[in-house]
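Every value quoted in this text rests on a predicted model; they were computed, and no experiment measured them. Whatever order the structure lists ligands and atoms in, that order sets their numbers, starting from 1.
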Amino acid sequence: MASGVVESVAVIGGSIAGCAAAVVLHRAGARRVVVHERATAELADRGVGVAVHTERCAELLAAGLVDEAVPWEPMRVLHWYVRDDADEERYAAVVGADGHASLVRGHLHPGLTPHSAGYPAWRGACPQERLRGLADWADGVCAYVVFDGGHLVVYRIPDGHGGRLVNWVLYATVPGTATTSRTLDAAHRARLDEITGELLPPFWGELIRRTGPDAVFLQRLYDVTAPRYASDRLLLLGDAATVARPHTGAGAVKALQDVAVLESSLAAAADWASAAAAYDAVRAPVGRAMTALGRRLGLGLVEATPDWHTQDAAALDAWWEELAGQGGFGGRGLGR
Ligand SMILES: Cc1cc2nc3c(=O)[nH]c(=O)nc-3n(C[C@H](O)[C@H](O)[C@H](O)COP(=O)(O)OP(=O)(O)OC[C@H]3O[C@@H](n4cnc5c(N)ncnc54)[C@H](O)[C@@H]3O)c2cc1C
């Protein structure tokens, strides 16, 4: 795209997708890129890490969207803060990188609402030292601990101070109760106690107990995908465009891939509208595929789990192939 074709772009949301979008818009020659982030304090992570699959990370490194120097935190987020007092500001285009509850998505698709998964995730990260005295498991293993009606995923992450945390996420239904906040209410505490005490193998139940009740939080789960990712003036990136359930393990990757495709679309197009159309043609189908994958995984791993005890290795392989065989677990390849 010729330098200066888009004079000015507003990016709504200054997290992963928003900041990456600002970078590529700048690279593509936009003369003025303003990131509007509503958070007034410094953005913080949730303390449970961001898992990025190696191949996807390599693609994003090659695309110049992940910094090699920070392998443990592959996204170095840039924050631009600007006081926005002026009512009369005008932009040629608006990029919605404003996350799962995107206002920009609401403008592009009025009435489109997220679809609740119907079950939550409990999350926590236990300092590794607290697990001393328990049987350990090998480095490099991501454990899927399954039970009737749910599963636990466990993997190690850095604690940011040279040590390690054992990060876990637990999915299960809580009959008759919806999740309304990050804090566990009585029903979600009781269900967690039941799962740790009666459904999980003792080691994994103990891991959750040793995390400590105050370090456990709830995540509401839902999915939504925008039928179109762009009009001639509005464009959606990351969770603003599509939220797929976290079983897919690909939200951050997807956000950065969106930005990578936006960059290549800008480079190949003569104007913003054609770049936006090209971007939409590539990324909207990926969003639909990831949402569908998240729902299939949710069904097989939480809502309608198989009889685990009668599954041999071949049956497990066939079952996984049916759920995830179409690809996308950990993120689809860039360009697919
Ligand atoms: C607990 C948890 C764990 C996760 N773990 C993983 C993982 O292991 N691997 C993975 O790939 N993904 C993971 N994800 C998903 C991943 O974090 C998201 O997919 C990713 O952050 C999406 O990036 P984004 O920039 O599109 O949206 P967000 O990160 O949600 O950023 C949106 C930004 O927009 C701002 N904003 C919203 N509305 C406005 C407004 N009106 N005006 C201005 N600013 C606004 C928000 O303050 C926010 O900073 C996890 C998510 C959660 C919640």
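Of the heavy atoms in L103, only side-chain atoms (C-beta onward) come closer than 4.0 Å to ligand 1. Contacts of A250 with ligand 1, taken as heavy-atom pairs under 4.0 Å, involve the backbone alone. Counting heavy atoms closer than 4.0 Å to ligand 1, residue R123 contributes side-chain atoms (C-beta onward) but none from N, CA, C or O.
Under the 4.0 Å criterion applied to side-chain N and carboxylate O atoms, D258 and R283 are assigned as salt-bridge partners.
Evaluated for a side chain to side chain contact (heavy atoms under 4.5 Å, CB included) with K254, the options I16, D239, L237, V259 yield exactly one hit, D239.
Nearest heavy atom pair, residue T225 against residue R288, reads OG1-N, 3.7 Å. Heavy-atom minimum distance, P213 versus R189: CB-NH1, 3.5 Å. The two residues L236 and Y279 come nearest to each other via the heavy atoms O-OH, 2.6 Å. Taking both residues in full, the closest heavy atoms of G298 and Y119 are given as CA-OH, 3.1 Å, listed atom of the first, atom of the second, then distance. Of all non-hydrogen atoms in L112 and A226, the two that sit nearest each other are CD2-CA, 3.9 Å.
Residue nearest to atom 51 (C) of ligand 1, selected from R56, Q219, K254, R182: Q219 (by heavy-atom distance). Counting only non-hydrogen atoms, the option in A255, G13, A252 that gets closest to atom 10 (C) of ligand 1 is A252. Summarising the contacts of atom 48 (C) of ligand 1 with E37, H36, R38, the nearest heavy atom is found in E37.
At least one N or O atom of I16, backbone or side chain, sits closer than 3.5 Å to an N or O atom of ligand 1. In terms of polar-atom proximity, H100 is not counted as a contact of ligand 1, lacking any N or O under 3.5 Å from an N or O of the ligand. At least one N or O atom of G251, backbone or side chain, sits closer than 3.5 Å to an N or O atom of ligand 1. In terms of polar-atom proximity, defined here as any N/O pair under 3.5 Å, A17 does make such a contact with ligand 1. Residue I12 places no N or O, backbone or side chain, under 3.5 Å from any N or O of ligand 1.
The distance between the ring centers of W204 and F147 does not fall below 6.0 angstrom.
Which parts of ligand 1 touch G238 is read off a 4.0 Å heavy-atom cut-off, strictly below it: atoms 26 (O).
Rounding to the nearest 0.5 Å places CD1 of I12 at 9.0 Å from NE2 of H107.
A97 counts as a contact of ligand 1, since one of its heavy atoms falls under 4.0 Å from the ligand.
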